[in-house]
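Only one structure is covered here, and it is reproduced in the block below.
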Amino acid sequence: MDINYVSLAVDAALVIVILIGMISGIKRGFVKTVAAPVKLVAAVAFAFKVCENISAKFIEPFISAPLSTQLRDFMYEKCSDLTVENVSTELPTLLKMSAGVFGIDVEEVAESSVTGVLDAVVNSLTDPIVHIIGVVVSFILAYIAAKLVLSLLVVLINAVLSVGPLGIINKALGFIFGTAFAVIISWGLVVAAEFVMGFVNYSFDGGAIYAFFHDFNPLDLLLSF
């Protein structure tokens, strides 16, 4: 009888993933097991909600002037050889595109001075660049702050639920949810593998465990609780 070692290896890997989930669930307990994905989702949602306000009130006013100065100095240095006569033709293509996006008529502004063109481009670029940087920085800071606060809450709650009988219940529920998470991860790995193999037109039947996850529906697991 031929033995398909590849199928056995894949099944063994899926079993190991589930065993790790079980052991981790018991060791970490219910609170820490469930808290990991909850903290991620909650921190991201909080950061998305407050990043615009934080950026507008704190980050953007702080970085607007320095960034504008740096951008203007860079423009002046790179375009030092431009004159009123050639600015409309020799202005770098990227700057012409930027001017067009923000509705700046290079030909019209060039009639006054070279610096007028550069200042107009700088002023048009500064606000969106400052806004993007401010939102990104604000999002990161808000995310980190939320994760720290949530982590502290998890530590406190876990300490309370680890005493006496509550500790046993905590670990038992951790085992259940750790196993459930591991099963969902295993299913996701099989789905991803099927997608890749379908893309490259490769056929793989797999073993019994692989076949189980191939036909598995996570909703069945979620609805079992």
Side-chain angles (χ1 to χ4, degrees), residues 6-60 62 133-196 206-225:
V6 175
S7 296
L8 289 177
V10 171
D11 279 0
L14 293 173
V15 170
I16 290 173
V17 170
I18 296 174
L19 289 175
I20 291 175
M22 292 178 175
I23 296 171
S24 176
I26 295 174
K27 184 177 180 181
R28 292 165 61 85
F30 169 76
V31 176
K32 288 186 176 181
T33 300
V34 175
V38 171
K39 284 193 302 182
L40 175 63
V41 174
V44 169
F46 173 79
F48 267 119
K49 184 175 182 179
V50 303
C51 64
E52 288 278 355
N53 289 333
I54 294 176
S55 176
K57 293 180 180 179
F58 302 103
I59 306 299
E60 293 180 38
F62 180 75
I133 294 176
V135 170
V136 170
V137 172
S138 299
F139 179 88
I140 294 173
L141 293 177
Y143 175 81
I144 293 173
K147 282 293 291 286
L148 290 175
V149 172
L150 291 173
S151 296
L152 179 59
L153 289 176
V154 168
V155 170
L156 294 175
I157 295 172
N158 187 67
V160 173
L161 296 181
S162 297
V163 179
L166 291 177
I168 299 176
I169 297 175
N170 186 30
K171 289 187 177 296
L173 291 176
F175 168 78
I176 294 173
F177 279 86
T179 303
F181 287 145
V183 168
I184 292 175
I185 291 173
S186 299
W187 169 77
L189 292 174
V190 171
V191 170
E194 286 288 322
F195 175 80
V196 173
I209 297 176
Y210 185 91
F212 167 78
F213 282 111
H214 180 270
D215 301 326
F216 176 70
N217 186 346
L219 289 177
D220 295 336
L221 178 63
L222 294 175
L223 294 176
S224 65
F225 291 102

Inset, instruction - Compare every heavy atom of L150 with every heavy atom of A43, then report the nearest pair and how far apart it is. - result: N-CD1, 4.2 Å
Legend entry - Residues which pass side chain to side chain contact (heavy atoms under 4.5 Å, CB included) with L148, listed by chain and number, not counting sequence neighbours: I144
Inset, instruction - Answer yes or no: is there a donor N or O on one side and an acceptor on the other, between the side chain of S55 and the main chain of C51, under 3.5 Å? - result: no
Legend entry - Side-chain touch P37/F181, heavy atoms, less than 4.5 angstrom: yes
Legend entry - Reported CG-to-CD1 distance for the pair L161 and I169, which is rounded to 0.5 angstrom: 9.0 Å
Legend entry - Closest contact, heavy atoms only, Y210 versus D11: N-OD1, 3.0 Å
Legend entry - Separation between CD1 of I23 and OG1 of T179, rounded to the nearest 0.5 Å: 10.0 Å
Inset, instruction - Go through the structure and list residues passing side-chain hydrogen bond (donor to acceptor under 3.5 Å, both in side chains) with K171, not counting sequence neighbours. - result: none
Inset, instruction - Look only at the side chain of N170 and the backbone of V31, and say whether a donor-acceptor pair between them is shorter than 3.5 Å. - result: yes
Inset, instruction - Might you point out which heavy atoms bring A47 and Y143 nearest each other, and give the distance in Å? - result: CB-N, 3.8 Å
Inset, instruction - Search all heavy atoms of A36 against all heavy atoms of R28 and return the closest pair with its distance. - result: CB-NH2, 4.2 Å
Inset, instruction - Taking all heavy atoms of F213 and all of V190, pick out the closest pair and write down the distance. - result: CB-CG2, 3.6 Å
Inset, instruction - Give the minimum heavy-atom separation between T33 and G25, together with the two atoms involved. - result: OG1-CA, 3.7 Å
Inset, instruction - Could you walk me through whether I54 and L141 pass side chain to side chain contact (heavy atoms under 4.5 Å, CB included), step by step? - result: CA-CA 9 Å; I54 294 176; L141 293 177; 5.8 Å; no
Legend entry - Spatial distance of atom CD1 (I168) from atom CG (L173) [nearest 0.5 Å]: 12.0 Å
Legend entry - Reported CG-to-CZ distance for the pair L166 and F30, which is rounded to 0.5 angstrom: 12.5 Å
Inset, instruction - Please round to the nearest 0.5 Å and tell me the distance separating atom NZ of K39 and atom NZ of K32. - result: 9.0 Å
